[in-house]
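The structure appears right after this line, and notes come after that.
Side chains are part of it too, since the values below use all heavy atoms of this structure and drop only hydrogens, waters and symmetry mates.
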Amino acid sequence: MKACTWLVLSFLSISTAFSQETLDYATEIIPVLKKNCYSCHNVGNPKGGVNLERYEEEGRIIKDGQLWLKVVDQVRTKEMPPSNKPALNEEEYHVLVEGINGILIKSLEKKTPGKVVIRRLSHTEYEYTVQDLMGIFYDAVRRFPADGSGGGGFDNQGGSLFFTPLKMERYYDAAEEIVTSAFEDPSKWANLVPVPYRQNLWQRFINWLAPKFMADFEPLNPPEKAAEKVIFPFASKAFRRLIKVEEKEKFLDLFGKIYASMPEKTDPLRFDQSVAEVFKAILISPSFLYKMEEEPVGNEPVPLGDFELASRLSYFLWSSMPDDTLFQLAVAGKLQDPQVVDAQVKRMLQDPKSIRFSESFVSQWLGITRLKDPNAPLADQVKFPEFTPPIREAMFRETTAFFHHVLTEEKNFLHLISSEYSFLNEPLARYYGIAGVSGNDFQKVRLTDGNRGGFLGMGSVQAVTSLPTRTSPVLRGKWVLEELLGTSPPPPPPDVAELPEDEGLHEELGLKALLEKHRSDPACQSCHEKMDPLGLGLENFGADGKWRESYGNTPIDPSGVLATGETFDGPAELKRLLLEEKEKFARNLSKKALSFAIGRGMTFTDETAIRDLTATLMENQFNPDAFLSELVQSYPFRMKIKDFQKKVNEID
């Protein structure tokens, strides 16, 4: 039975049985763990990287629910305790399987959407937001200090978007440069300030004369009134919501002070320069730099507000601020209607800006952002002289264009594993040895064999899963397990021996023979029998992504046997076997997409949403439209709760 299917069935069957009985974690479950598990899985000896001794409170189990699902499965199938340890008696088996499952199931009865995350714009989001707001391209990714990746491996995760004095300084510099660029470009400035401001001769005369005779005289065509029409709409777009009364007052006060400080200048220059200074203040405001969601008053989950939902949608699918359509729907309060949201998702995917989602999501998911980093330790150009920066860029483009086509045209995420086409331009096709492609534009190319189609046949993936001087079946196998199937082998023993780096030995024996010798060690076998066949099946692809038939004089043998017993011969057959792991792939894709969409790592409290997304993929032939509709209607995406950090993740 596949893992995902078992997971669903086990939750249904055990929850029914356990509804009649609840075991106490401290007094009933911990003693069984101490007796049977702590001798191997403790603080000083965490075999397989698993330390069960640290879970002293029930709350820790809930926080690491995914791990404990695996623990229960190992006990349920009697893989644990291992054969060289005393077996559990019937009562102990019952306590661990039903007791721990009961804790996990009970924790999911009351849904929680996850903590309210105030997240700074990632550099990519900042870049696109400025571009859509002002029509100015600012290379934030290169100009700002680098951010790390959060718990889900994406740069939009709240846990990685730290704020430092250096970054604040760079934001000030960026605001100055961006507004100045717009100010110096007449067409761009006209989009921001469409009507030039000036007072005519009559207005200036009356405004000079009338105050001498009327104490309550209101000036004709005052600059503040004209400034309102420019500043307030700009600030609302920048803040992704309607601005507040006190914010309006601050903006006008700032405008008035700046305007009054330049009496020697004439309009419209005086007016425009005053507006420009207010724009700079808006671009360094926390309401611009952060995606904020107001914390609920009560302790129960509540739906996101319309503007908050508009921002979640736009930063998910466009990596940028809501457009006028989304903004107006939020003003009208229509985004609480699921049908309206579904219609917007379809519209947004048809917009050219949706390529931003494809580029950002898939490149970070697969780890191919390293192709953009000239210092990344990829295929050594001395040994692989044709692996040039333009080829690296082309490999990146191939992958993102392919994913976007699957998302918006082919409508079948299984093509990500295996397909009969890719997206190539002439230089990359020539590099791969594929004839019949001309021009520098990327185009859909039908493939003549099953080796190149899908992620595993792309040079981008092959390069980032290799070492600089050679391929690494272990790295590639681990990548397939983790990034495609969502399963991770246990960490290697601390004293594990590395493969020899003698190039002559590699060419004489081949990596397959070296790995067979390596995993003859019992300490290595259990992990390598899962990883190695997957990586060895891709050995025809070199570290530079080119196809090859041998290591020097030793022919490559891409055949293998998976840990589950299935045999294959080469990349095409390996991919056909991976297509049988639909449940694992669906679950992994669900976790990755949900994490990217809401900007935080997944916790066990997201389990229900993940299972719903997995089921949607399975039931709809991996259709992206049905999947994204389920995602944006999911509980974690649509809801928020107060103080989630203290209530659920209170134990580090």
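- Side chain of Trp479 to backbone of Val464: no donor-acceptor contact under 3.5 angstrom is found.
- Glu410 and Lys444 are joined by a salt bridge, as a carboxylate oxygen and a charged side-chain nitrogen come within less than 4.0 angstrom of each other.
- Under the 4.5 Å side-chain criterion, counting only non-hydrogen atoms from C-beta, Val474 is in contact with Met531.
- Asn412 contributes atom CG, which lies 11.0 Å from atom CG of Asn620 (distance to the nearest 0.5 angstrom).
- A side-chain donor-acceptor contact under 3.5 Å links Arg476 to the backbone of Gln462.
- Gln443 contributes a side-chain N or O that, together with a main-chain N or O of Asp441, makes up a donor-acceptor pair within less than 3.5 Å.
- With Arg470 contributing its side chain and Gly542 its backbone, the two residues share no donor-acceptor pair below 3.5 Å.
- In the model, Thr399 has a side-chain atom that pairs as donor or acceptor with a side-chain atom of Ser460 under 3.5 Å.
- Side-chain atoms of Ser418 do not come within 3.5 Å of backbone N or O of His415 as any donor-acceptor pair.
- Ser590 places a side-chain heavy atom less than 4.5 Å from the side chain of Phe627.
- No side-chain donor from either of Tyr138 and Ser181 sits under 3.5 Å from a side-chain acceptor of the other.
- In terms of modelled atom types and a separation under 3.5 Å, the side chain of Arg120 and the main chain of Phe162 share a donor-acceptor contact.
- In this model, no donor atom of one side chain and acceptor atom of the other lie less than 3.5 Å apart for Ser354 and Gln350.
- A donor-acceptor pair under 3.5 Å links the side-chain atoms of Trp318 to the main chain of Met348, judged by distance alone.
- Salt bridge present: Arg142 and Asp139 bring a charged side-chain N and a carboxylate O closer than 4.0 Å.
- Of the charged side-chain nitrogens involved, none lies within less than 4.0 Å of a carboxylate oxygen, so that Glu483 and Lys478 do not count as a salt-bridged pair.
- Between Asp185 and Lys188 there is a salt bridge, with a side-chain nitrogen of the basic residue lying less than 4.0 Å from a carboxylate oxygen of the acidic one.
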- Message: Using the rule given for salt bridge (Lys or Arg N to Asp or Glu O under 4.0 Å), can you reason through Glu426 versus Arg430, listing the C-alpha separation, both sets of side-chain angles and the distance that settles it, and then say yes or no?
- Response: CA-CA 6 Å; Glu426 183 176 352; Arg430 186 168 59 248; 3.5 Å; yes
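- Rounded to the nearest 0.5 Å, atoms CD (Glu125) and CZ (Arg119) are 6.5 Å apart.
- Proximity of a side-chain donor or acceptor of Arg240 to a complementary backbone N or O of Phe288 within less than 3.5 Å is detected.
- Seen from the ring of Tyr432, Arg452 counts as a face-on cation partner, given the 6.0 Å and 45° thresholds.
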- Query: Yes or no on ring pair (Phe, Tyr, Trp, His ring centres under 6.0 Å) for Phe387 and Tyr431, after CA distance, side-chain angles and deciding distance?
  - Reply: CA-CA 9 Å; Phe387 188 73; Tyr431 183 85; 7.0 Å; no
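- Using a 3.5 Å distance cut-off with no hydrogens or angles, the side chains of Asp380 and Thr469 do not pair a donor with an acceptor.
- In this structure, Met602 and Ile610 have side chains that are in contact, with non-hydrogen atoms separated by less than 4.5 Å.
- There is a side-chain donor-acceptor pair under 3.5 Å between Thr471 and Arg548.
- Relative to the six-membered ring of Phe541, Lys546 misses at least one condition, a distance below 6.0 Å or an angle of at most 45° to the axis.
- The closest donor-acceptor contact from the side chain of Glu482 to the backbone of Gly477 lies at 3.5 Å or more, if one exists at all.
- Note on Asp132 versus Arg356: salt bridge recorded, some NZ/NE/NH1/NH2 to OD/OE distance being below 4.0 Å.
- The residues Arg397 and Glu393 are annotated as not salt-bridged, no charged nitrogen and carboxylate oxygen being separated by less than 4.0 angstrom.
- Put simply, OH on Tyr171 and CG on Leu166 are 10.5 Å apart, with the number rounded to the nearest 0.5 Å.
- Judged purely by distance below 3.5 Å, without hydrogens or angles, the side chains of Thr388 and Gln381 never pair a donor atom with an acceptor atom.
- No donor-acceptor pair closer than 3.5 Å links the side chain of Ser550 to the backbone N or O of Asn553.
- The aromatic ring centres of His404 and Phe423 sit 6.0 Å or more apart.
- Atom CD1 in Ile355 sits 9.0 Å away from atom CG in Leu407 (nearest 0.5 Å).
- There is a side-chain donor-acceptor pair under 3.5 Å between Ser595 and Gln157.
- Under the 4.0 Å criterion applied to side-chain N and carboxylate O atoms, Lys346 and Asp625 are not assigned as salt-bridge partners.
- A salt bridge links Arg600 with Asp606: the closest approach of a Lys/Arg side-chain nitrogen to an acidic carboxylate oxygen falls below 4.0 angstrom.
- Atom-to-atom distance recorded for Asn540:CG and Ile556:CD1 is 5.0 Å, nearest 0.5 angstrom.
- Checking each of Phe361, Phe357, Phe316, Trp365 against Phe154 for a ring-ring contact (aromatic ring centres under 6.0 Å, His included) leaves exactly one that passes, namely Phe361.
- In this model, a donor atom of one side chain and an acceptor atom of the other lie less than 3.5 Å apart for Gln344 and Arg347.
- One finds the CG atom of Leu317 at 8.5 Å from the OG atom of Ser314 (value rounded to the nearest 0.5 Å).
- Aromatic pair Phe585/Phe413: ring centres not closer than 6.0 Å.
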